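Letters A, B, ... mirror the listed sequences (proteins, then strands); counts begin at 1. Predicted model, so just to flag it, every value in this text is computed and none were measured. Computed from heavy atoms alone, side chains included, the values below leave out hydrogens, waters and symmetry copies.
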Amino acid sequence: MRVVVGMSGGVDSSVAALLLKQQGYDVTGVFMKNWEEQDENGVCTAESDWRDVRDVCDAIGIPYYAVNFAKEYKDRVFSLFLSEYRAGRTPNPDVLCNREIKFKAFLDFAMQLGADKIATGHFVNTNAQGQLLRGADQNKDQSYFLYMLKAFQLQKSLFPVGHLTKAQVRDIARDAGITVAEKKDSTGVCFIGERDFKQFLATFLPAQPGAMVTPEGEIVGCHDGLMYYTLGQRRGLGIGGRGDGRSFFVVDKDLQNNRLIVVQGEDHPLLYTTGAVAVQATFVEEALPEGVPCKLSAKFRYRQPDQGVTVVRAGEQLHITFDTPQRAVTPGQSTVLYRGDVCLGGGIIDQIER
RNA sequence: UGGGGUGUAGCCAAGAGGUAAGGCACGGGACUUUGACUCCCGCAUUCGUAGGUUCGACCCCUGCCACCCCAG
């Protein structure tokens, strides 16, 4: 069985490749370069990761390739990312990246190479029915990022580290003498990486400064452009020493008047939401029945503890009522639904109800 | 230019003769395959300014400056 492993140069995908090789698969490593950028010295910022991939593949004894999906990434992920920000929302590019790039462009590419399956280092599992399951490591479970996938994509995918904990993965890497065993986990937008987010956005979207106001209309500061802020955000507002001295948080964006609405105090009622409407509902396998309230659990952001919700599907919309008020649920972000350990799917938050 | 008041870090604010609390903001780090949240650490050799008293002053005295209020 031929398997093409998407390798990032990190521990997880390296161990994924190693395990598959040990299990007797015909393994090929493929490094995806999806973002064209060079550092101040003119060196591609992905160069060191590519080097790590080559080192690891050599050590494991598997062939490797590099592919470039920068155009696909830009067209299918990044353009939407930008338009969402323009619309005053806070998108999650990585859920799209998985649907459009890793489990589409990359999957297609692997199939053309004659692969039977692809594999990645995601901490998730699948079962025989093609369902998406949480990873065994509760703390690293990445099903949130894969909720937009369909069963047919999962059926062509292997997740060799999904049943392991992060610590076990590092142990395996260490025991095998893999050079990236202690490499720090990468963060930031997938393929783009960690960086000053405001600065990064500023290079793509024009800024339009305006006022920061309280719900009562009092002007308490100036913002640098609405797209630089997200609901629930505290840092970067620059408002200090007002009122009772507590922190301010973003609760709304008034695009019409180019105003950022802020409140004082982490427990302000406007920071809490009792329900939401999600659009572009997608289900891994079977859609929720139309119009029938379903008691499920949900996450509104990665690594959030499960929240009890009642969901009613209406076409491509999900009407979600929270068991307990949720803090800073943000339009543009994804709500992901679970029944036990099964990730059912989810949608993109469009409206919030207070 | 008569009277009263206030001047402590970017902002708010303790302090009250014994050698500068705290909060917010900000900076750094941790956490994290989105954006956030959260957590930890840091952040006035100096108290409008110039002198004086004192072993010792942000706290007492004097001059000056600035701002505020009430009278004009």
For atom P, what is the distance between B:A9 and B:U62, given to the nearest Å? 24 Å

Students often mix this up, so state it plainly: with edges at 30° and 60°, are the rings of A:F78 and A:F200 parallel, tilted or perpendicular? perpendicular

Roughly how far apart, to the nearest Å, are B:G72 and B:G51 at atom P? 40 Å

What nucleic acid atoms does A:S8 come within less than 4.0 Å of, heavy atoms only: base, sugar-phosphate, or nothing? nothing

Length of the CG-P vector between A:L231 and B:A36, whole Å: 12 Å

How would you label the contact of A:F81 with the nucleic acid (heavy atoms, under 4.0 Å): base, sugar-phosphate, or nothing? nothing

Work out how far the P atom of B:G7 is from that of B:G15, and round it to whole angstrom. 12 Å

Under 4.0 angstrom, heavy atoms only, what part of the nucleic acid is A:F249 near: base, sugar-phosphate, or nothing? sugar-phosphate

Near A:R174 CZ, under 6.0 Å, is it more than 12 heavy atoms from other residues, nucleotides or ligands? yes

Please report the distance separating the C1' of B:C70 from the corresponding atom of B:C12, rounded so that it comes out in whole Å. 27 Å

Using Watson-Crick and G-U wobble pairs whose two distances are both under 3.5 Å, how do you write the pairing of RNA chain B as dot-bracket, with | for links to another strand? .(((((((.[[[..)..(...]]].(((((.......))))).....[[[[[..)....]]]]]))))))..

Using atom CH2 of A:W35 as one end and atom C1' of B:U34 as the other, report the distance to the nearest whole Å. 14 Å

Can you classify the ring geometry of A:Y302 versus A:Y144 as parallel (below 30°), tilted (30 to 60°) or perpendicular (above 60°)? tilted

Separation of atom OH in A:Y144 from atom P in B:G35, rounded to whole Å: 12 Å

Check whether more than 12 heavy atoms from other residues, nucleotides or ligands sit under 6.0 Å from atom CD of A:E286, and answer yes or no. no

Output the rounded distance in Å from NZ (A:K253) to C1' (B:G35). 9 Å

Would you kindly give the CD1-to-P distance between A:I348 and B:G35, to the nearest whole Å? 16 Å

When you compare B:C43 with B:G28, how far apart are their C1' atoms, in angstrom units rounded to a whole number? 11 Å

Run the salt bridge (charged side-chain N to carboxylate O under 4.0 Å, His left out) check on A:D196 and A:K198 step by step: do they pass? CA-CA 6 Å; A:D196 184 317; A:K198 202 165 168 179; over 6 Å; no

On a whole-Å scale, what distance lies between the C1' atoms belonging to B:A57 and B:C47? 11 Å

Mind telling me whether A:F109 and A:Y65 have parallel, tilted or perpendicular rings, with 30° and 60° as the class edges? perpendicular

Classify the nucleic acid contact of A:D141 as base, sugar-phosphate or nothing, counting any heavy atom under 4.0 Å across all strands shown. nothing

Would you mind telling me which of B:A36, B:U34, B:U32 lies closest to the side-chain atoms of A:K140? B:U32

Could you check whether A:Y302 gets within reach of a base, just the sugar-phosphate, or nothing at all, counting any heavy atom under 4.0 Å? base

Centroid-to-centroid, A:W35 to A:F69, below 6.0 Å? no

Taking the same atom, P, in B:A30 and in B:A36, what whole-Å distance lies between them? 16 Å

Are the charged groups of A:D306 and A:R134 less than 4.0 angstrom apart, N to O? yes

Measure the shortest side-chain to side-chain distance between A:I320 and A:V277 over non-hydrogen atoms and say whether it is less than 4.5 angstrom. no

Can a salt bridge be assigned to the pair A:K183 and A:D49 using a cut-off of 4.0 Å between side-chain N and carboxylate O? yes

Distance in angstrom units between A:F197 CZ and B:C37 C1', rounded: 15 Å

For A:Q333, answer base if it contacts any base atom (sugar-phosphate contacts may also be present), sugar-phosphate if it contacts only those atoms, and nothing otherwise; contact means non-hydrogen atoms under 4.0 Å. base

Anti/syn call for B:C55, syn if |chi| within 90°: anti

Roughly how many Å is it from CZ in A:F200 to P in B:U34, rounded to a whole number? 14 Å

Could you check, using the six-membered ring where one of them is a Trp, whether A:F300 and A:F322 have ring centers closer than 6.0 angstrom? yes

In whole angstrom, give me the gap between the C1' atoms of B:C68 and B:G42. 35 Å

Could you tell me the separation between the OH atom of A:Y228 and the C1' atom of B:A36, rounded to a whole number of Å? 17 Å

Assign a letter to each nucleotide of nucleotides 21-31 of chain B from its 5' end: B, base within under 4.0 Å of a protein heavy atom; S, sugar-phosphate only; -, no contact. --BBSBBB--S

